[in-house]
Amino acid sequence: MKLPPLSDPTIDLRSDTLTTPTSAMREEMLAAPVGDDVYGEDPTVNALEARVAALLGHEAGLFVPTGSMGNLLGVWTLVRRGEEVLCDVQAHIARAELGAHAVLHGVTMRTWTSSHGVADTDTVLEQIAAPTPYLVHTAAVAFENSHNFGGGTIQPLPHLREVSVACRERGVGLHLDGARLWNAHIATGVPLADYGALFDTVNVCFSKGLGAPVGSMLVSTRERIDKARVQRKRLGGGMRQVGLLAAAADYALDHHVERLAADHANAAAFAAAVAEKAPSAVTEPQTNIVVLGTGSRPAPEVVAEAAQRGVRISALGPRTVRAVTYLGITEAEAVQAGRLVGGLLCG
Ligand SMILES: Cc1ncc(COP(=O)(O)O)c(C=O)c1O
């Protein structure tokens, strides 16, 4: 049965990467002083690299086009060819970076299982393999915070601390995929530098909830960042007057971090509206991502029916769908979408 659309325009909750730059952000981009960043001469990029490194308590930063490249370079500085990085089974680096760490850098991965992306400390530490002549050497452990496929879940700070201390005792590196670390920071109040201090390399993204069109930043020691800068160029990621894009990220840091609290409130409003009709489909979200169980209905069917009725969400698994709130989605839209999706999932 073809159902009429509920509203026009569509409420698109597929991802927080759907944000578009605001007029004020575009103005800041146009006004940015620029230079050739491959020569290290773009003042806007240099300022942003210093700013983000300081925010996360690290020595240096490297502006990269994507979060995937930030993760690729971060892990590369810690793990040599033939060694492994351990991560969660649903981690973005394991599932959604198209095997780049293996294809390009010879890095193997082993995963732990978790509840919604959050494991207990022993589960992680028990997997670490010391160097022997017969087992793959665990060179690094990688976390994702907040955890995308886990449903925007936050890694508890005491857990991260325990793993960090144990890894450092054993000489195992630590990488953080902080594509949405801003969301974890706003939801918990934990300073960004407190998270940063626990990791050797951290990748953060400006093009998700922060609303910039492009851009991520890898932070670490000066030595690792110098090395990563060379590898970025080798990968084709050396960009020229890229201060235009760094300006968008800089604007986002000034204006779009605190407001993530509104996205979190809207995700909670969406989940509550779903729960009015389908309470067993949803749990309260921790940040801006809501994962819903579709019960007996295949996820693609729910996605297609919601789209027909004016709400776009994405299928995460055979029986799970995801909705994400972001800059530009209002509370009223979140509630309207939640009611519609809840109606599809009840009974
Ligand atoms: C948790 C996480 N890490 C990394 C990335 C990669 O970012 P990009 O799409 O900029 O490569 C994403 C993208 O959605 C993500 O959700």
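Read the numbers this way: they start at 1 and go in the same order the structure lists the ligands and their atoms. Note that the coordinates shown come from a computational prediction; the quantities given were computed from them, not determined experimentally.
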Verify the distance criterion only: is there a donor paired with an acceptor across the side chains of [X] and [Y] at less than 3.5 Å?
X: Thr201; Y: His175; value: yes
X: His137; Y: Glu83; value: yes
X: Arg180; Y: Asn288; value: no
X: Thr123; Y: Asp120; value: yes

**OP:** For the residue pair Asp42 and Asp36, establish whether any side-chain heavy-atom pair is separated by less than 4.5 Å.
**Re:**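 No. Closest side-chain heavy atoms not under 4.5 Å.
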
Original post:
Nearest non-hydrogen atom to atom 13 (C) of ligand 1 belongs to which of Lys208, Arg180, Gln90?
Top reply: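 The residue whose heavy atom sits nearest atom 13 (C) of ligand 1 is Lys208.
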
**OP:** Give the ring-plane orientation class for His159 versus Phe143, where under 30° counts as parallel, over 60° as perpendicular and anything between as tilted.
**Re:**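 Perpendicular, since the angle between the ring planes exceeds 60°.
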
**OP:** Assign the ring pair His256 / Tyr251 to parallel, tilted or perpendicular, where the plane angle (0 to 90°) is split at 30° and 60°.
**Re:**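 Perpendicular.
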
Subject >> Face-on cation placement of Lys208 at Trp182 ring, 6.0 Å and 45° thresholds >> reply: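 No, Lys208 and Trp182 do not form such a contact.
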
Nearest-neighbour protein heavy atom for [atom], which is reported as residue plus atom name and distance:
atom: atom 6 (C) of ligand 1; answer: His92 CE1, 3.4 Å
atom: atom 10 (O) of ligand 1; answer: Gly67 N, 2.9 Å
atom: atom 3 (N) of ligand 1; answer: Asp177 OD2, 2.6 Å
atom: atom 1 (C) of ligand 1; answer: Glu144 OE2, 3.2 Å

Original post:
Do ligand 1 and Ser146 have nitrogen or oxygen atoms that lie under 3.5 Å from each other?
Top reply: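 Not met; the criterion fails.
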
Record the part of [X] in heavy-atom contact with ligand 1 below 4.0 Å; permitted values are side chain, backbone, both and neither.
X: Asn148; value: side chain
X: Ala179; value: side chain
X: Asn203; value: neither
X: His147; value: neither
X: Glu97; value: side chain

Original post:
Step by step, would you call Val52 with Leu253 a side-chain contact (heavy atoms from CB on, under 4.5 Å)?
Top reply: CA-CA 9 Å; Val52 177; Leu253 290 178; 3.8 Å; yes

**OP:** Show which atoms of ligand 1 fall inside a sub-4.0 Å distance from at least one heavy-atom site of Ser68.
**Re:**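 Ligand 1 atoms under the 4.0 Å threshold to Ser68: 6 (C), 7 (O), 8 (P), 11 (O).
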
**OP:** Say whether Met69 and ligand 1 are in contact under the criterion: heavy-atom distance to a ligand atom below 4.0 Å.
**Re:**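 It does not; every heavy atom stays at 4.0 Å or beyond.
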
